[in-house]
Amino acid sequence: MTSRLVERWQQVTSVDAAKVAIDDDHESVSFETLGARASAVSAALRGRGLEGQRVAMLVTQSSGWVEAFFGTVLSGAVVVPLSPLHPEAEQRWFVENSRSKAIIVSRDLERRVSGYAGDRPVLEIEELRQFPTAHVSPGSDDDTAVILYTSGTTGKPKGALITHANLAELARLVASAWQWSPDDVLLHSLPLHHLHGLGISLFVSLLAGGRTRMIQKFDAPRMWDLMAEATVLMGVPTMHKKLLDALDTAEAADRDRWQKNAGGLRLVTSGSAALPSTVGERWRELTGAYPLERFGMTEIGVGMTNPVSGKRVPGTCGPPLPGMDIRVVREDGDDAAPGEPGEIWIRGPSVFKGYDGQQDVTRRSFTDGWFRSGDTATWTEDGYVKILGRTSVDILKSGGYKLSALEIEEVLREHSAVNDVAVVGVPDETWGEIAVAAVISRAGRESEVEEAPLRQWAKQHIAAYKVPKRVLLFEDFPRNPVGKVIKPELVKLVRRRLETAGY
Ligand code: MLC
Ligand code: AMP
């Protein structure tokens, strides 16, 4: 039986073939053209024997990205999306860790892979899409469609294996709950190497037959202007905050126009991190409705969502998304009553297959078929879920990106002037949370590990968004009797130091 993802792709690219699917900064591409180009990419990849293999892609966010993604999937291969936000060292690691056999690039990014491509073919999407024949592999629901790397409680990110069925069901369930129609126009600027941008935004719109206005990178004034043609805006809380800050500081004429644009939106959603109510209330003033907040995760898709019509409760992520099962489980394993804290456990058709090459970690992440999220939450009396925080102090959420303190520490420890380092998260108005590095220098080398030089050095090894925004020098850290850093104590010291410094 053909995979639901391939089946849906074929329907949507043929039923309303002439309709515009993607508007990017260069062209408007119809569903028919998108479908034909993806089938050409697929044939080209088959011609190179890549079916069944992993294929990395470093393609600018545009219609070409969609063609590369679906071309790879239709060929029977697995996509490993890379981001230009990652330095070469990190991209190399993703390509090697995933054992990718080829790299699809857009011409503007081709130079970025030359240092690590090795003997892997580097294939330009601009060439692949012109391949003279077409091919579509039926695939099957359980095939992996994409590997998304997600930071966790281990040093290195883990590759989440997301199947054809996971993506198709995520798109179907969300489109239905959010009453998506082919007349909707999504304004899209979220990064496509994460599930929010890829699966929750782009594919929901695309597979529902809507139009997607894609811009390469978030830019608040452009977003406000482009909102004039949009009906739906999806963002992380930081994006919403940055949009509102731009509105507040805009010239009067821009502000009037932008406010009018906001009034035309049917739906504003927020996810990936907790939405501050101050930000939500500002959106309510602009659009007449509090943003729809929902909860998601790379491994599970969307778990809970406030309703489109019906009561949206600020500070909650709403009831379970219809089609998904949610439990809040106490430490003793029983289900929590309303008001009692517990861990969110999730089951449903968009829950992933496991972590690539990490069967033990995968096994430990599930209990009786339920994925354990690592988020602490509680039910409200109305059956809505309120998030209380993460169970691990080493997982941070900054501007919607999940950051692993351990991963960042591992990188910073490689610096020869760093004697020891501990990374902690502290609250921040714009980013939700920022990473701060507490560093113990090797004797006499303090100047090398000050904020500016250490941050600059770190950017060669990890994405700039993972690099701690503040670096503080310490003589030692609070430790327990066996020498382990007591992070909650360190957080207090860090916050005090930052407050004293006026941060
Ligand atoms: C950018 N920077 C960040 C950052 N984003 N630092 C910490 N956290 C972030 N999220 C850094 C830049 O590298 C730069 O560093 C400086 O901050 C200023 O960058 P900018 O260009 O002004 O940032 P901007 O482009 O405005 O980016 C903000 C943003 C972006 C909110 C648009 O962070 C973003 O796209 N976030 C979305 C993340 C996301 O999609 N998460 C979904 C995960 S999936 P320097 O040093 O150069 O000055 C998931 C599931 C679910 O969570 O439920 O959705
Ligand atoms: P990621 O691993 O990047 O997919 O991030 C998933 C995590 O984002 C979840 O486990 C939560 O911690 C967090 N998250 C997602 N949506 C929300 C939300 N609406 N409120 C609070 N946290 C959220």
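Atoms within a ligand are numbered from 1 in the order they appear, just like the ligands themselves.
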Pairs of nitrogen or oxygen atoms, one from ligand 1 and one from the protein, closer than 3.5 Å: please tabulate them with distances.
from: ligand 1; atom 1: 6 (N); to: Lys469; atom 2: NZ; distance (Å): 2.8
from: ligand 1; atom 1: 8 (N); to: Ser398; atom 2: O; distance (Å): 3.4
from: ligand 1; atom 1: 8 (N); to: Ser398; atom 2: OG; distance (Å): 2.7
from: ligand 1; atom 1: 10 (N); to: Ser398; atom 2: O; distance (Å): 2.8
from: ligand 1; atom 1: 17 (O); to: Lys469; atom 2: NZ; distance (Å): 3.1
from: ligand 1; atom 1: 21 (O); to: Lys217; atom 2: NZ; distance (Å): 3.2
from: ligand 1; atom 1: 22 (O); to: Lys242; atom 2: NZ; distance (Å): 3.3
from: ligand 1; atom 1: 25 (O); to: Lys217; atom 2: NZ; distance (Å): 2.5
from: ligand 1; atom 1: 26 (O); to: Lys242; atom 2: NZ; distance (Å): 2.9
from: ligand 1; atom 1: 36 (N); to: Gly399; atom 2: O; distance (Å): 3.0
from: ligand 1; atom 1: 41 (N); to: Gly400; atom 2: O; distance (Å): 2.9
from: ligand 1; atom 1: 46 (O); to: Arg455; atom 2: NH2; distance (Å): 2.7
from: ligand 1; atom 1: 46 (O); to: Lys459; atom 2: NZ; distance (Å): 2.6
from: ligand 1; atom 1: 47 (O); to: Lys459; atom 2: NZ; distance (Å): 3.2
from: ligand 1; atom 1: 52 (O); to: Ser272; atom 2: OG; distance (Å): 3.2
from: ligand 1; atom 1: 52 (O); to: Lys397; atom 2: NZ; distance (Å): 2.8
from: ligand 1; atom 1: 53 (O); to: Arg294; atom 2: NH1; distance (Å): 2.5
from: ligand 1; atom 1: 53 (O); to: Gly296; atom 2: N; distance (Å): 3.2
from: ligand 1; atom 1: 53 (O); to: Gly296; atom 2: O; distance (Å): 3.2
from: ligand 1; atom 1: 54 (O); to: His196; atom 2: ND1; distance (Å): 3.4
from: ligand 1; atom 1: 54 (O); to: Ser272; atom 2: OG; distance (Å): 2.5
from: ligand 1; atom 1: 54 (O); to: Arg294; atom 2: NH1; distance (Å): 3.3
from: ligand 1; atom 1: 54 (O); to: Arg294; atom 2: NH2; distance (Å): 2.9

Pair [X] + [Y], salt bridge at N-O below 4.0 Å:
X      : Y      : answer
Asp356 : Arg54  : yes
Asp25  : Lys217 : no
Glu407 : Arg413 : no
Asp225 : Arg257 : yes

Quick one: nearest non-hydrogen protein atom to [atom], plus distance?
atom                    : result
atom 1 (P) of ligand 2  : Thr298 OG1, 3.5 Å
atom 21 (C) of ligand 2 : Ala274 N, 3.3 Å
atom 13 (C) of ligand 2 : Ser272 O, 3.5 Å
atom 3 (O) of ligand 2  : Lys397 NZ, 3.2 Å
atom 9 (C) of ligand 2  : Asp375 OD2, 3.4 Å

Task: Heavy-atom pair with the smallest gap, counting every atom of Ala250 and Arg255 - done: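 Heavy atoms of Ala250 and Arg255 come nearest at O-NH1, 3.0 Å.
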Is there at least one pair of N or O atoms, one from [X] and one from ligand 2, spaced under 3.5 Å apart?
X      : result
Arg390 : yes
Ser373 : no
His194 : no
Ser270 : no

Using a strict cut-off of 4.0 Å, indicate which atoms of ligand 2 neighbour a heavy atom of [X].
X      : value
Met297 : 4 (O), 6 (C), 10 (O)
Thr150 : 2 (O)
Glu293 : 18 (C), 19 (N), 20 (N)
Arg294 : 16 (N), 18 (C), 19 (N)

Open item on the list: Please state which option from Gly303, Ala273, Gly296, Ser392 has its nearest heavy atom closest to atom 18 (C) of ligand 2.
Closed with: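 Going through Gly303, Ala273, Gly296, Ser392 one by one, Ala273 has the nearest heavy atom to atom 18 (C) of ligand 2.
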Open item on the list: Counting only heavy atoms closer than 4.0 Å, does ligand 2 sit against the backbone of His196, its side chain, both, or neither?
Closed with: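 It is neither; nothing of His196 touches ligand 2.
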Task: Gln456, CD atom: more than 12 neighbouring heavy atoms under 6.0 Å - done: no
Open item on the list: Under a 3.5 Å threshold, yes or no: a donor from one side chain and an acceptor from the other, between Ser270 and Arg294?
Closed with: no
Open item on the list: Once salt bridge (charged side-chain N to carboxylate O under 4.0 Å, His left out) is applied, what residue pairs with a partner in residues 451-463 remain, sequence neighbours excluded?
Closed with: Glu451-Arg470
Task: Expected output: side-chain Glu340 to main-chain Ala337 donor-acceptor under 3.5 Å - done: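 Looks like yes, one N/O pair under 3.5 Å.
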Task: Donor-acceptor contact below 3.5 Å, side chain Thr231 vs main chain Val185 - done: yes
Task: Arg497 to Phe474, cation-pi by 6.0 Å centre distance and 45° axis angle - done: yes
Identify every side-chain donor-acceptor pair in residues 273-281 under 3.5 Å, counting partners at least two apart or on other chains, and give the distances.
from: Glu281; atom 1: OE1; to: Arg284; atom 2: NE; distance (Å): 2.8
from: Glu281; atom 1: OE2; to: Arg284; atom 2: NH2; distance (Å): 3.3

Open item on the list: Applying ring-ring contact (aromatic ring centres under 6.0 Å, His included) as the test, list every pair that has at least one member in residues 373-397; sequence neighbours left out.
Closed with: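 Found none.
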